[in-house]
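Side chains included, hydrogens not; waters and symmetry mates left out as well; all remaining heavy atoms used. If you're wondering where the values come from, they're calculated on a predicted model, not measured in any experiment.
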Amino acid sequence: MAKGISTESRKKDTREKIELGGLIVKAGLRYEKRALLLGLLIEAGKRIKGDEAERLRLTALGAEAFGNDSE
């Protein structure tokens, strides 16, 4: 039974990683170097810590991008 839980957990983890990769593509960053992408994410993480206004601004920007999705 533990094997089934482990398999489901791995499937969920894989699905989440694929979805996160899709965000990179949607942001137009597909061909950027991985080190740059990680740097951008680290910097963004620092910027939103303790800055609710920046967090809200970036959330609105992302929501708008999802709203413009043609899918």
Salt bridge (charged side-chain N to carboxylate O under 4.0 Å, His left out) contacts touching residues 14-25 (sequence neighbours left out):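 Salt bridge (charged side-chain N to carboxylate O under 4.0 Å, His left out) check on residues 14-25 returns Asp13-Lys17.
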
Suppose we screen for salt bridge (charged side-chain N to carboxylate O under 4.0 Å, His left out). Which residues come up paired with [X], at least two apart in sequence or across chains?
| X | result |
| --- | --- |
| Arg47 | Glu54 |
| Lys33 | none |
| Glu32 | none |

May I ask you to test the Leu36-Leu29 pair for a side-chain heavy-atom distance under 4.5 Å?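 They are not in contact (no side-chain heavy atoms under 4.5 Å apart), so the answer is no.
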
What I'd like to find out is whether the side chain of Leu23 reaches to under 4.5 Å of the side chain of Phe66, using heavy atoms alone.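 Heavy-atom side-chain distance check passes, below 4.5 Å.
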
Could you tell me which residues satisfy side chain to side chain contact (heavy atoms under 4.5 Å, CB included) with Ile42, sequence neighbours excluded, listed by chain and number?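 Side chain to side chain contact (heavy atoms under 4.5 Å, CB included) check on Ile42 returns Leu38, Lys46.
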
Residues forming a side chain to side chain contact (heavy atoms under 4.5 Å, CB included) with Arg55, sequence neighbours excluded: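 By the side chain to side chain contact (heavy atoms under 4.5 Å, CB included) rule, Arg55 matches Ile48, Glu52, Thr59.
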
